[in-house]
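One structure is given below, encoded as C-alpha cells.
Quick caveat, the model's predicted, so the values are computed rather than measured.
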Amino acid sequence: MVSRPDARTLIDTVLDKGSWTSWDVPPADPAAPGSSYAEELAAARAKSGYDESVITGEGLLDGRRVAVVASEFSFMAGSIGVAAAERITAAVERAARERLPLLAAPASGGTRMQEGAVAFVQMVKITAAVQAHRAAGLPHVVYLRHPTTGGVFASWGSLGHVTAAEPGALIGFLGPRVFEALHGYPFPEGVQLAENLFRHGLVDAVVPAEEARELAARALSVLCADTSGLRPGEPPEEDLRPVEAWEAISRSRRDDRPGVRSLLKLAARDVTPLNGTGAGENDPGLLLALARFGGAPAVVLGQDRRSQRSSAPLGPAGLRIARRGMRLAAELGLPLVTVIDTAGAALSKAAEEGGLAGEIARCLADMVSLDAPTVCLLLGEGAGGAALALLPADRVLCAQHAWLSPLPPEGASAILYRSVDFAPEIAQAQGVRATDLRRAGIVDRVIPERPDAAYEHRAFCERVGRALEHEIAGLLTQPVEGRLATRLARYRNLGL
C-alpha cells in the first residue's frame, strides 16, 4: 500500500533531519464569529492538528537551504482560502528575496467553497509570486500528492521546472466527484492518475516520498550548481585517422555505437531525466535531462537514435520537448548541451499536421537567440531538419565518425540521380564528415574515436564528457552579450 504522509511527515522525510524552521504566523480568521464556517474551521484545527491547509518554512536538503510550501489535505481537503493563499504567497516572496529554491508539495481539492469568488481569485496572486520567483532565475520543484485538483493544480501545482507525483495519486483539473454530480455519469477511470500523467509527458517522475528527497536533491545539484570556480583545463587533444565519408556514415549507423543514454550513464553525474513537454505530449526519440559533466551543470537535449528506430522517427512533439529544455536553460541561466543523433525527422501525415516544419523553425529561433551558454555535440547520424534544429550553438563538437547532411546520402542520391546507388559519392562530395565540417567552420572540435566508438564505449564517452566540461567552462567565463554576439556573427558569416 502506498504511504501518503501528512505535511509534517513529508517534510521530515524530504529535508535533512532537524533542519526545519517554520515561517508561519497564526492566520487571520476569515469567518464571522459564531458562523457555521467558523465552526468548520475550529473543527478542522482540532481534528487535523494544523491551523490552516498549508504550512511553509525552510530547511536543508542535502545541506542546501530550501524554501518549502506543503499542503495538508486533512484540513478542509487542503482547500485554499484567503489566509492559506496569503501564507503561500508570503513564503514564495520570501524565497525570492532570500534567493532560495522552492519545493512545493500540493495536496488539495482546490478553492475553498466557503469563501467563494474571493478565494478563487487568490490563485492569481499565488501564480504571480511563483512567476516572479522563476523570473529571478530560481528553481521551483513540485511534488504533486494525492489528491491535487482544481485551481491548485491549475496554478502553482503546474509551474514547476521539475515535477514529480506520488504513486497512484489522483491529479486532475476537475475532481471526479464533481464531474459525476454535474454530468450524471462517472469520469473515465485511470485518466487522472499520476502514472497516466507520466505517460502523457505531464510529470517528470512518479516516486514515493522517500525517493522524492533524492530526486529533488539531485535536480537541485544541477539547477543550483556553483560554477564560480569552474575553469577550462587543457583542451582535449585530437589524434585522427582519416576515413572516407561513407565509412564514417556506416560506422555512425552501427547498432552497438554508444548513444546519448550511454553518454549520460558513463560520462555524467547527478542525472535527472525529465519527461515530455509538460503540456500533454511525449516522444521517446528526444531525451531531456539535467546532468553534470565533471563540475559543469547542463540541461541536456539528446536525440535517442535507438528509440527512434524502435518506436517512430522524431516528430513535432520531440522538438517541443527540446524547446522545453531551451526554456529551462534560458530561465535558470544553465548551460545547454544538445546531442544530435538522428536518421531524420518523421515523414508522415501526423508529423505534417502536427507542425513539424514550424517546430524546426522555432527550435532554430529559440536556440540561436538563447542567452544561456550552448554546446552542440554531433554524436552520430545528423540527417536533415531534425539535426539542424539542435545545431546552432556557441560551440559545436563532433565525434570523428559523426556527420551532418541536408538529407541521408541515399535521399540526396535519389534527388540527383533517381537512384540510391550514388550515396557514397554524394556523401564525399557534400563534405559531411567531421573533418569537412570543421574545415567549413560548422564544427569547432573533433573528438577522436580509437578506432571506433563502438569498440570503446566507456573511454569514448569519458572523452566526450571531458570535452563538454572544457567547452562549458570556457563559455561560462564569457559575458552574455559578447557570447550571443559571437554566436550570431558566426552563423551570419558561415560560408562567406
Side-chain angles (χ1 to χ4, degrees), residues 64 96-101 131-140 161 219-236 268 270 288-301 322-340 362-378 388-398 438 440-445 447 464-496:
R64 186 186 309 280
R97 287 194 305 273
E98 300 187 19
R99 308 270 327 151
L100 299 180
Q131 186 58 27
H133 181 271
R134 287 175 56 123
L138 298 168
H140 180 204
H161 292 109
L220 291 179
S221 73
V222 177
L223 297 174
C224 300
D226 180 7
T227 59
S228 58
L230 189 63
R231 295 289 182 272
E234 290 298 316
D270 297 331
L288 173 59
L290 306 173
R292 302 213 310 176
F293 297 97
V299 177
V300 180
L301 304 177
R323 292 179 64 215
R324 176 193 172 190
M326 294 175 195
R327 288 191 299 272
L328 180 61
E331 194 163 294
L332 296 177
L334 281 170
L336 177 74
V337 171
T338 65
V339 181
I340 295 174
R362 284 182 280 274
C363 274
L364 285 170
D366 288 353
M367 190 164 174
V368 79
S369 60
L370 202 66
D371 285 343
T374 54
V375 181
C376 172
L377 169 66
L378 275 160
L388 187 67
L390 303 189
L391 179 72
D394 295 309
R395 298 284 291 175
V396 180
L397 311 183
C398 189
R438 182 175 58 182
I442 297 169
V443 161
D444 299 297
R445 185 179 304 282
I447 300 171
V464 171
R466 290 192 297 272
L468 289 171
E469 181 184 22
H470 172 83
E471 298 293 351
I472 292 170
L475 291 171
L476 286 170
T477 65
Q478 302 175 16
V480 173
E481 297 80 5
R483 190 175 61 235
L484 182 56
T486 300
R487 184 196 308 154
L488 292 172
R490 168 191 185 140
Y491 290 100
R492 172 65 179 85
N493 298 316
L494 197 63
L496 299 180

(message) To the nearest 0.5 Å, what is the distance between NE2 on His470 and CG on Leu230?
(response) 11.0 Å
(message) Enumerate the side-chain hydrogen bond (donor to acceptor under 3.5 Å, both in side chains) contacts for residues 486-496, please, sequence neighbours excluded, ordered by first and then second residue.
(response) Asp394-Arg487, Asp444-Arg490
(message) Tell me the closest heavy-atom pair linking Val339 and Leu390, and the distance in Å.
(response) O-CD1, 4.2 Å
(message) With rounding to the nearest 0.5 angstrom, report the CG to CG distance, Leu378 to Leu397.
(response) 9.0 Å
(request) To the nearest 0.5 angstrom, please state how far the CZ atom of Arg292 sits from the CD atom of Glu469. (result) 9.5 Å
(message) Is the shortest side-chain heavy-atom distance between Cys376 and Ile340 below 4.5 Å?
(response) yes
(message) Looking at every heavy atom in both Ala322 and Leu301, which two are closest together, and how far apart are they?
(response) O-CD1, 3.4 Å
(message) Would you say that Leu494 contacts Ile442 through its side chain, given a criterion of any heavy-atom pair below 4.5 Å between the two side chains?
(response) yes
(message) Please give me the minimum heavy-atom distance between Met326 and Leu370, naming the atom from each residue.
(response) O-CD1, 3.5 Å
(request) State which residues pass side chain to side chain contact (heavy atoms under 4.5 Å, CB included) with Leu328; sequence neighbours excluded, sorted by chain then number. (result) His161, Leu274, Leu290, Val299, Leu332
(message) Just verifying a value: how many Å separate Arg466 CZ and Glu471 CD, rounded to the nearest 0.5 Å?
(response) 13.5 Å
(message) To the nearest 0.5 Å, what is the distance between NE2 on His140 and CD on Glu331?
(response) 11.0 Å
(request) Nearest 0.5 Å please: distance from the CG atom of Asp366 over to the CZ atom of Arg324. (result) 15.0 Å
(message) In the structure I gave you, are the side-chain heavy atoms of Leu100 and Leu138 within less than 4.5 Å of one another anywhere?
(response) no
(request) Measure the shortest side-chain to side-chain distance between Arg483 and Thr374 over non-hydrogen atoms and say whether it is less than 4.5 angstrom. (result) no
(request) Among Val375, Leu476, Leu475, Thr227, find the one that has a side chain to side chain contact (heavy atoms under 4.5 Å, CB included) with Pro335. (result) Leu476
(request) Work out which heavy atom in Pro101 is nearest to a heavy atom in Cys224; give both atom names and the distance. (result) CG-SG, 4.1 Å
(message) Tell me the closest heavy-atom pair linking Val480 and Asp371, and the distance in Å.
(response) CG1-O, 3.8 Å
(message) Please give me the minimum heavy-atom distance between Leu391 and Val396, naming the atom from each residue.
(response) O-CG2, 3.9 Å
(message) With heavy-atom distances below 4.5 Å as the criterion, would you say the side chains of Ile472 and Val337 are in contact?
(response) yes
(request) Could you check if a side-chain atom of Phe293 sits within less than 4.5 angstrom of a side-chain atom of Val300, using non-hydrogen atoms only? (result) yes
(message) I'd like to know if the side chain of Arg231 and the backbone of Thr477 have a donor-acceptor N/O pair within less than 3.5 Å.
(response) no
